[in-house]
Amino acid sequence: MRRGILTIATVGLLVTGGVTACGDDSGDNDAGSDKKPKIGVILPDSKSSGRWENADRKFLEAAFKAAGVDYDIQNAQDDKSNFQTIADQMITSGVTALMIVNLDSGTGKAVLDKAKSQGVATIDYDRLTLGGSAEYYVSFDNEVVGKLQGEGLTKCLTDKGVQKPVVAYLNGSPTDNNATLFKNGYDSVLKPKFDSGEYVKGPEQSVPAWDNAQGATLFEQMLTQTGGKIDGVLAANDGLGNAAISVLKKNKLNGKVPVTGQDADLQGLQNILAGDQCMTVYKAIKQEADAAAELAIGLAKGERKETGQTVKDPESGRDVPSVLLTPKLIFKENVKDVVADGFVTKEALCTAEYAKLCAEAGIS
C-alpha cells in the first residue's frame, strides 16, 4: 500500500493557458543555458489505458512541434528496468528537460534524482513521485476524480432503486499514488453510507499495475465469493470497469449492476452508451498535456514559470509547484460533451453497432 496521503495547498488559481513566466532564481538547475533545448517524455504503458498513446502522446507532440523544440517520447510498457534504461538514454542523448509518468515512486525517484545530478530539469506528469525531486507536478485533482466516481455510483444506484446495495471495489495499482487519491475520494462519498448501513461494503481488491486481465479475474472471484450478490462496482478506471463488465456479461448481469470508470476512453464511452457502464470521469488530457508542455519547454530553455499552486509531498514534506486541473462527471446524457471537446471522434465512437445509441444520446 502507498504511504501517506497527498495534500493539496492551493495558493492561487491557474487560468486557462496561464502559467506566467518568471526569472529562474532556483539556483539548482542550469538546464538549457548552454545546450539546445530538447525534451524527453517517458509514458508508463499502453495496456492499462488507451489514453497514453491515443491522447497524451498526440497532444504532447503537437505542443512540442508548435514550439519548435526537439523531443523524444517513449513508452516504458510497464517495465521498470526499461523505464530506467530509457531515462539513461535520454539523459545521455542531451535532453534538457525530462517529463515522467512513474511506474512506482521508487523507480521514479531514482530517475528524477539521476536527472537532477546531471543538470536535467524534471516534471512529474499525471502521477506525483513520492519523495521525488521534480520541479513541477501536472495532473488533475485526483481526489476530486474519486469523489465524482462515488457520486456517480450513488446516482446510478439511486436511479435503479436498489435497497442496501452491496458495493464492490476494484481499486487501481497499489504502487500508483493516484490510485490512493482516487480511493480517498470515493471513500469520502461511500464510507458514510457503509457506516450508516445504507450501503453494504462488498469485496475489495487492488489491481496490480492496473492490469485489466487481472482485474477481470479478481472480479470473477468477488462475484463467486458473494454468490452473485454484487449490486454496484466502483472500478477505478474504464479499463477495470470493462473488465468487470466482461464478467457481468458472462453472468447476464451487465446493465443490471452499475459500474463506474474514469478516463472517458473509447470503450468506456461505448459501454455507457450501451447501458453497461453507468458513468466515467472525463479528464481533458489536452489541457494537461498543454500545461505540462508549456512548463517543460520553459525548463528546457532554462526558464522557470509560476503555477500558483503547490502540492505537498507526504514523504518529503516538500511543496511541489503544481498545475491541478478539474475533471468532469460523464453520464450517457453528456457523452456528447467529450466528443464536442475533440477527445474522441464521432467516427470512432459511433460505429455501426453504436450509431443508433449515439443518435439517441444527441451525438451528431
Original post:
Which pairs pass side chain to side chain donor-acceptor pair (under 3.5 Å) with one or both residues in residues 338-359, sequence neighbours excluded?
Top reply: Tyr282-Asp341
**OP:** Sorted by first residue and then second, give each side chain to side chain donor-acceptor pair (under 3.5 Å) pair with at least one member in residues 57-66; sequence neighbours left out.
**Re:**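 Residue pairs with at least one partner in residues 57-66: Glu53-Arg57.
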Donor-acceptor pair, side chain of [X] and main chain of [Y], under 3.5 angstrom:
X	Y	result
Asn237	Leu240	yes
Gln77	Asp45	no
Asp141	Thr326	no
Lys164	Gly197	yes
Ser316	Gly131	no
Lys336	Ile363	no
Thr175	Ser173	no
Asn334	Leu329	yes
Asn271	Asp276	no
Asp124	Thr129	yes

Subject >> Among Val323, Ile100, Leu295, side-chain contact (heavy atoms from CB on, under 4.5 Å) partner for Ile123 >> reply: Leu295
Original post:
Taking only residues two or more places apart in sequence, or in another chain, which ones meet Asp72 in a salt bridge (Lys or Arg N to Asp or Glu O under 4.0 Å)?
Top reply: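 Scan of Asp72 (salt bridge (Lys or Arg N to Asp or Glu O under 4.0 Å), adjacent residues dropped) gives none.
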Original post:
Between Asn242 and Asn212, does any side-chain donor sit less than 3.5 Å from a side-chain acceptor?
Top reply: no
Original post:
Asp88 and Gln84: side-chain donor and acceptor closer than 3.5 Å?
Top reply: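 No - no donor-acceptor pair under 3.5 Å links their side chains.
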Original post:
Hey, does the Lys NZ or Arg CZ of Arg51 hover above the aromatic six-ring of Phe343, less than 6.0 Å from the centre and inside 45° of the axis?
Top reply: no
Subject >> Test side chain to side chain donor-acceptor pair (under 3.5 Å) applied to Asn171 - qualifying residues, sequence neighbours left out >> reply: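 Side chain to side chain donor-acceptor pair (under 3.5 Å) list for Asn171, sorted by chain: Tyr186, Glu204.
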Original post:
Are any of the side-chain nitrogens in Lys193 or Asp195 under 4.0 Å away from the carboxylate oxygens of its partner?
Top reply: no
**OP:** Output yes when Lys183 and Asp187 qualify as a salt bridge under the 4.0 Å nitrogen-oxygen rule, no when they do not.
**Re:** yes
Original post:
Does some side-chain heavy atom of Arg127 sit less than 4.5 Å from a side-chain heavy atom of Asn177?
Top reply: no
Original post:
Tell me, do Met222 and Val247 make a side-chain contact under 4.5 Å, heavy atoms counted?
Top reply: no
Non-hydrogen atoms of [X] and [Y] that approach each other most closely:
X	Y	result
Ser139	Asn142	OG-ND2, 3.2 Å
Val259	Ala244	CG1-CB, 4.5 Å
Ile297	Ala67	CD1-CB, 3.4 Å
Gly215	Ala243	C-CB, 4.1 Å
Leu130	Pro314	CD2-CD, 3.8 Å
Asp313	Leu128	CA-CD2, 4.2 Å

Do [X] and [Y] belong together in a cluster built from hydrophobic side chains that touch within less than 4.5 Å?
X	Y	value
Leu157	Phe331	yes
Leu170	Val200	no
Val189	Val144	yes
Val257	Val166	no

How many angstroms lie between atom [atom1] of [X] and atom [atom2] of [Y], to the nearest 0.5 angstrom?
X	Y	atom1	atom2	value
Ile42	Phe83	CD1	CZ	4.5 Å
Leu349	Leu273	CG	CG	5.5 Å
Met90	Gln118	CE	CD	15.5 Å
Leu148	Glu143	CG	CD	12.0 Å

Subject >> Intermediate values then yes/no, side chain to side chain donor-acceptor pair (under 3.5 Å), Trp52 and Asn75 >> reply: CA-CA 9 Å; Trp52 304 115; Asn75 194 313; over 6 Å; no
If you draw a 6.0 Å radius around [atom1] in [X], do more than 12 non-hydrogen atoms from other residues or ligands fall strictly inside?
X	atom1	value
Lys332	NZ	yes
Gln163	CD	no
Lys256	NZ	no

Just grab all the disulfide bond (SG atoms under 2.5 Å apart) pairs involving [range], residues at least two apart or on different chains.
range	answer
residues 234-340	none
residues 82-124	none
residues 36-137	none
residues 323-364	Cys350-Cys358

Original post:
When you look at Phe59 and Glu288, which way does the side-chain contact (heavy atoms from CB on, under 4.5 Å) test go after all the steps?
Top reply: CA-CA 9 Å; Phe59 294 133; Glu288 184 182 21; over 6 Å; no
Original post:
Mind checking what makes side chain to side chain contact (heavy atoms under 4.5 Å, CB included) contact with Asp238, not counting sequence neighbours?
Top reply: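 Applying side chain to side chain contact (heavy atoms under 4.5 Å, CB included) to Asp238 gives Asp263, Asp265, Gln277, Thr280.
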Original post:
Applying salt bridge (charged side-chain N to carboxylate O under 4.0 Å, His left out), which residue pairs with at least one partner in residues 73-84 are found, sequence neighbours left out?
Top reply: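 Passing the test, one end in residues 73-84: Lys80-Asp104.
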Subject >> Selection residues 145-157 - residue pairs positive for salt bridge (charged side-chain N to carboxylate O under 4.0 Å, His left out), sequence neighbours left out >> reply: Lys155-Asp159
**OP:** Would you sort out whether Leu299 and Thr96 count as a side-chain contact (heavy atoms from CB on, under 4.5 Å), showing the intermediate values?
**Re:** CA-CA 7 Å; Leu299 287 177; Thr96 53; over 6 Å; no
**OP:** Evaluate the side-chain contact (heavy atoms from CB on, under 4.5 Å) criterion for residues Tyr137 and Leu324: first the C-alpha distance (whole Å), next the side-chain angles of each, then the deciding distance (0.1 Å), finally the verdict.
**Re:** CA-CA 8 Å; Tyr137 167 54; Leu324 297 178; 3.9 Å; yes
Subject >> Pairing residues for Cys156 by the disulfide bond (SG atoms under 2.5 Å apart) criterion, not counting sequence neighbours >> reply: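 In terms of disulfide bond (SG atoms under 2.5 Å apart), with neighbours along the sequence ignored, Cys156 is linked to no residue.
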**OP:** Could you label the plane-to-plane angle of the Tyr71 and Phe64 rings as parallel, tilted or perpendicular, counting under 30° as parallel and over 60° as perpendicular?
**Re:**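 Tilted: the ring planes of Tyr71 and Phe64 meet at 30° to 60°.
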**OP:** Before giving the answer on side-chain contact (heavy atoms from CB on, under 4.5 Å), spell out for Tyr169 and Lys201 the whole-Å C-alpha distance, their side-chain angles and the decisive distance to 0.1 Å.
**Re:** CA-CA 9 Å; Tyr169 279 11; Lys201 180 68 180 293; 3.9 Å; yes
